[in-house]
Every structure is written in structure tokens, then in C-alpha cells.
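First up is the structure itself, then whatever we jot down about it.
All values below come from the heavy atoms of this structure, side chains included, with hydrogens, waters and symmetry mates left out.
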Amino acid sequence: MHLVLYLATGLSSANTVILLLAYLWDSSVTLLGGATGYGLRPDGVSFTLSLFTTVLLLWYALVLRRRKGPEQGVR
């Protein structure tokens, strides 16, 4: 369960970073003289959903880690 949670969190984080980098790359190409850029600009909804999913998974992983910590010390 924990491995799946951490894997999903990592993939979601990577997706968010890739979407952000694609947006910044396309914006910089357009800013530096490219007429249209490369068409890499992601949709705002996909970036927002990816960011929301990443934050939710990170929060859940931290909550799960806090709950798991004291219980292991009692055994």
C-alpha cells in the first residue's frame, strides 16, 4: 500500500513538474521571438488538476506517516 502511494505521489509530482516546464519553455520561446512557440503550452485545467492531485497525495502520505509512526513504537 505504501509503495503504491509513494509511486503515485512521485508520478503525479513528475507530471506537474513536466507540465510546468512545458508551459515555461513555450512561454520563453514566444517571449524570445518565436511567433507561436512549439505548441507545448498545457491546458490550465490539466495543470491545476495535476497540482491538486499531487498536493492531495502528499498530504495523505504525510498523514499516513504520522499515524504509522507512534503505532510502531508501541509494539
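Atom OG of Ser50 is separated from atom CD1 of Ile18 by 9.0 Å, given to the nearest 0.5 angstrom. Remark: Phe52 CZ to Leu49 CG distance equals 8.5 Å, nearest 0.5 Å.
A continuous path of hydrophobic side-chain contacts links Leu51 to Leu20 [ILVMFWY only; heavy atoms under 4.5 Å]. Val45 and Leu19 fall into different hydrophobic clusters, where Ile, Leu, Val, Met, Phe, Trp and Tyr residues are linked whenever their side-chain heavy atoms come under 4.5 Å apart, directly or through other members. In the hydrophobic clustering of this structure, Tyr60 groups with Leu56; members are Ile, Leu, Val, Met, Phe, Trp, Tyr whose side-chain heavy atoms approach within less than 4.5 Å, directly or through other members. Trp59 and Leu57 fall within a single hydrophobic cluster, where Ile, Leu, Val, Met, Phe, Trp and Tyr are joined by side-chain heavy atoms under 4.5 Å apart, directly or via other members.
The side-chain hydrogen bond (donor to acceptor under 3.5 Å, both in side chains) contacts involving residues 3-12 comprise Ser12-Thr54, where partners must be two or more places apart or lie in separate chains.
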